[in-house]
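Okay, structure first, notes after.
Because the structure is predicted, anything quoted here is derived from the model rather than measured.
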Amino acid sequence: MSKKTTCEIGDEGEELAVAYLESKGYTILERNYHFERAEVDIVAYDNGTCIVFAEVKTRSSNTFGEPEEFVDDKKIQNVYKAAEAWIYERKMDGAPVRFDIVSILQKNNEAPDIKHFENAFTQGR
């Protein structure tokens with residue numbers, strides 16, 4: 001059996017994150033939204049309360065830290081940029097938004113460990 005690529009691990013993580021959020025009642029509005037070089041993994045609607053921009057981090061090991069620890073300041077700035085463009089394109093300025101992280105640790109054939117951090121980071125608006 002060949003080792004999974006980083007892209008395959010990331011794609012599987014996003015699938016798990018979508019299923020997890022849907023199981024909590026979220027409506028997925030868009031996946032992998034790109035604006036220029038910025039990207040947000042999942043745009044969702046949280047049970048009628050707000051638009052959620054979620055960054056998904058998946059790792060096959062926590063040897064070097066938990067998956068959520070890999071969301072750095074540069075990535076956060078990219079998520080903000082993509083979120084602003086998404087909101088602008090849909091003429092939804094002023095809509096309540098939240099920025100979350102979905103952390104997935106998928107070791108070998110074990111069940112995934114999924115953690116959802118609501119309001120993981122905030123943008124001064």
Side-chain angles (χ1 to χ4, degrees):
M1 180 155 65
S2 64
K3 188 173 178 180
K4 292 180 185 174
T5 67
T6 303
C7 283
E8 289 172 330
I9 292 168
D11 289 346
E12 288 178 10
E14 284 185 21
E15 291 294 329
L16 289 167
V18 164
Y20 174 81
L21 292 172
E22 287 177 335
S23 77
K24 290 180 67 176
Y26 289 58
T27 301
I28 305 304
L29 302 175
E30 192 151 351
R31 293 178 62 179
N32 300 308
Y33 171 78
H34 289 267
F35 175 74
E36 295 175 353
R37 291 177 181 245
E39 186 220 1
V40 62
D41 294 325
I42 298 172
V43 182
Y45 194 57
D46 178 8
N47 301 316
T49 61
C50 64
I51 298 167
V52 176
F53 295 94
E55 174 63 17
V56 179
K57 278 295 172 201
T58 308
R59 292 286 181 267
S60 57
S61 163
N62 58 352
T63 302
F64 299 106
E66 296 300 319
E68 64 272 15
E69 294 172 13
F70 290 86
V71 180
D72 61 12
D73 289 342
K74 183 177 181 184
K75 183 61 190 176
I76 290 169
Q77 291 307 314
N78 279 333
V79 171
Y80 289 153
K81 184 175 183 177
E84 286 177 354
W86 192 92
I87 290 166
Y88 177 80
E89 286 176 3
R90 286 149 187 81
K91 298 177 177 39
M92 297 178 76
D93 197 38
V97 299
R98 191 177 78 218
F99 297 93
D100 293 2
I101 295 173
V102 179
S103 165
I104 301 172
L105 184 59
Q106 179 72 66
K107 292 182 180 179
N108 301 323
N109 295 323
E110 294 178 22
D113 179 17
I114 302 173
K115 294 185 230 166
H116 181 195
F117 299 91
E118 295 183 7
N119 282 312
F121 46 94
T122 57
Q123 181 180 26
R125 293 182 81 184

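For the pair P112 and I104, the tightest heavy-atom approach, listed with the atom from each and the gap, is CB-CG2, 4.1 Å. Between A82 and F35, the shortest heavy-atom contact is CA-CB, 4.4 Å. The two residues G65 and F70 make their nearest non-hydrogen contact at O-CE1, 3.8 Å. Taking all atoms of both residues into account, the shortest heavy-atom contact from C50 to P96 is CB-O, 3.3 Å. Scanning both residues, N47 and Y26, for their nearest heavy atoms gives OD1-N, 4.1 Å. Closest approach of A17 to V102, counting heavy atoms only: CB-CG1, 3.7 Å.
A 6.0 Å sphere centred on NZ of K24 holds more than 12 heavy atoms belonging to other residues, nucleotides or ligands.
Residues V56 and I76 do not share a hydrophobic cluster, clusters being chains of Ile/Leu/Val/Met/Phe/Trp/Tyr side chains in contact below 4.5 Å. Residues I87 and Y80 are members of one and the same hydrophobic cluster, defined by side-chain heavy-atom contacts under 4.5 angstrom among Ile, Leu, Val, Met, Phe, Trp and Tyr. At a threshold of 4.5 Å between side-chain heavy atoms, the hydrophobic network of Ile, Leu, Val, Met, Phe, Trp and Tyr places I101 and V40 in one connected group. Under the 4.5 Å side-chain contact rule for hydrophobic residues, V18 and W86 do not share a cluster.
H116 is listed as a side-chain neighbour of L21, based on a closest heavy-atom distance under 4.5 Å. A 4.5 Å side-chain heavy-atom check between E30 and R90 finds at least one atom pair inside the cut-off. A 4.5 Å side-chain heavy-atom check between K107 and N62 finds at least one atom pair inside the cut-off. For the pair E39 and K81, the minimum side-chain heavy-atom distance is 4.5 Å or more. Residues D11 and E8 fail the side-chain proximity criterion, which asks for heavy atoms closer than 4.5 Å.
Side-chain contact of N32 with E14: a donor-acceptor pair under 3.5 Å is present, judged by distance alone. At a cut-off of 3.5 Å, with distance as the only test, no side-chain donor of Y20 or E15 sits close to an acceptor on the other residue.
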Worked verdict on V52 versus V97 for side-chain contact (heavy atoms from CB on, under 4.5 Å)
CA-CA 6 Å; V52 176; V97 299; over 6 Å; no

Run the side-chain contact (heavy atoms from CB on, under 4.5 Å) test on E69 and F64 for me, step by step, so that the C-alpha distance in whole Å, both residues' side-chain angles and the decisive distance to 0.1 Å come before the verdict.
CA-CA 9 Å; E69 294 172 13; F64 299 106; over 6 Å; no

Before giving the answer on side-chain contact (heavy atoms from CB on, under 4.5 Å), spell out for I28 and Y45 the whole-Å C-alpha distance, their side-chain angles and the decisive distance to 0.1 Å.
CA-CA 6 Å; I28 305 304; Y45 194 57; over 6 Å; no

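Partner of L105 under the side-chain contact (heavy atoms from CB on, under 4.5 Å) criterion, chosen from D113, I114, T58: D113.
Remark: the backbone N or O of F53 is not paired with any side-chain donor or acceptor of Y33 at under 3.5 angstrom. A donor-acceptor pair under 3.5 Å links the side-chain atoms of Q106 to the main chain of E110, judged by distance alone. D100 places a side-chain N or O within 3.5 Å of a backbone atom of N119 that can act as its donor or acceptor partner.
With salt bridges taken as basic N to acidic carboxylate O contacts below 4.0 Å, one links E66 and K115. Ion pair R98/D46 flagged as a salt bridge, since at least one NZ, NE, NH1 or NH2 atom sits closer than 4.0 Å to an Asp/Glu carboxylate oxygen.
The aromatic rings of F99 and F121 sit parallel to each other, their planes meeting at less than 30°, with 60° as the upper class boundary.
From E36, atom CD reaches atom NE2 of H34 across 13.0 Å, with rounding to the nearest 0.5 Å.
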